[in-house]
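Some notes on the structure that comes next.
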Amino acid sequence: MYLLEGVAAVLLSVCIYAWAYGKHHGPNAPGWAKGQLFASLVSLFLVAFFPLGTGFVALGLTEPMTPAGWAGLVALVVMPFVIWKTVPRLAGLS
């Protein structure tokens with residue numbers, strides 16, 4: 001179960017970063033996305049969630065495999081493809 005939670009946390013962190021990048025660097029960036037508060041909140045979220053997610057992935061890989069562990073392993077394999085498809089759209093690069 002830890003593996004599935006870790007993959008979800010890492011994927012959420014990457015998507016939040018891509019969304020924030022797209023909002024900040026977009027051609028019609030809103031004023032709230034250019035401020036220090038927005039940057040601080042996104043940074044605080046990423047500093048908390050990404051290491052937590054990678055720790056859960058490491059913990060999940062060391063545990064005996066259960067059905068939830070196998071689902072997490074499949075999600076870990078599929079995650080790069082999901083990132084490849086969603087991040088450019090969220091960041092406004094496509």
Side-chain angles (χ1 to χ4, degrees):
M1 191 67 182
Y2 290 119
L3 191 57
L4 197 55
E5 293 167 352
V7 168
V10 169
L11 185 59
L12 182 65
S13 297
V14 169
C15 288
I16 291 289
Y17 177 79
W19 171 79
Y21 180 89
K23 283 293 181 191
H24 182 76
H25 293 291
N28 298 325
W32 55 267
K34 293 284 190 180
Q36 183 63 36
L37 179 63
F38 178 70
S40 295
L41 288 175
V42 170
S43 297
L44 179 66
F45 179 82
L46 293 177
V47 164
F49 246 64
F50 192 79
L52 183 69
T54 54
F56 275 147
V57 167
L59 183 62
L61 288 173
T62 61
E63 287 191 330
M65 283 302 193
T66 61
W70 284 108
L73 192 60
V74 168
L76 187 63
V77 170
V78 172
M79 184 175 61
F81 300 107
V82 172
I83 289 172
W84 179 56
K85 286 303 227 177
T86 59
V87 165
R89 198 170 301 133
L90 285 173
L93 300 174
S94 63

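Side chain of Lys34 to main chain of His24: a donor-acceptor pair is present (N/O by atom type, distance under 3.5 Å, no hydrogens or angles).
Taking hydrophobic clusters as Ile, Leu, Val, Met, Phe, Trp and Tyr residues chained together by side-chain heavy-atom distances below 4.5 Å, Val47 does not share a cluster with Leu12. Val10 and Leu46 are not part of a single hydrophobic cluster, where members link through side-chain heavy atoms under 4.5 Å apart. Hydrophobic clustering (ILVMFWY, side-chain heavy atoms < 4.5 Å, transitive): Phe49 and Tyr2 are in distinct clusters.
Note that CD of Glu63 is 9.0 Å distant from CG of Leu3, once rounded to the nearest 0.5 Å. Interatomic distance, Leu76 CG to Leu4 CG, rounded to the nearest 0.5 Å: 10.5 Å. The CZ atom of Phe56 lies 10.5 Å from the CE atom of Met1; values are rounded to the nearest 0.5 Å. Between the CH2 atom of Trp32 and the CG atom of Leu41 there is a distance of 11.0 Å, given to the nearest 0.5 Å. One distance of note links CG of Leu59 with CD of Glu5; it measures 9.5 Å at 0.5 Å rounding. For the atom pair OG of Ser13 and CG of Leu52, the computed distance is 8.5 Å after rounding to the nearest 0.5 Å.
Among all heavy-atom pairs drawn from Gly53 and Ala9, the shortest one is CA-CB, 3.6 Å. Residues Val87 and Ala18 come closest through the heavy atom pair CG1-CB, 3.8 Å.
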Dump the intermediate steps for side-chain contact (heavy atoms from CB on, under 4.5 Å) on Leu44 and Ser40, then the final yes or no.
-> CA-CA 6 Å; Leu44 179 66; Ser40 295; over 6 Å; no

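Remark: of the listed residues Trp19, Phe45, Tyr21, Trp19 is the sole one forming a ring-ring contact (aromatic ring centres under 6.0 Å, His included) with Phe38. Just one residue in the list Ile83, Val77, Val82 forms a side-chain contact (heavy atoms from CB on, under 4.5 Å) with Met79, and that residue is Ile83.
When side chains are defined from C-beta on, Val14 does not count as touching Thr86, because their heavy atoms never get closer than 4.5 Å.
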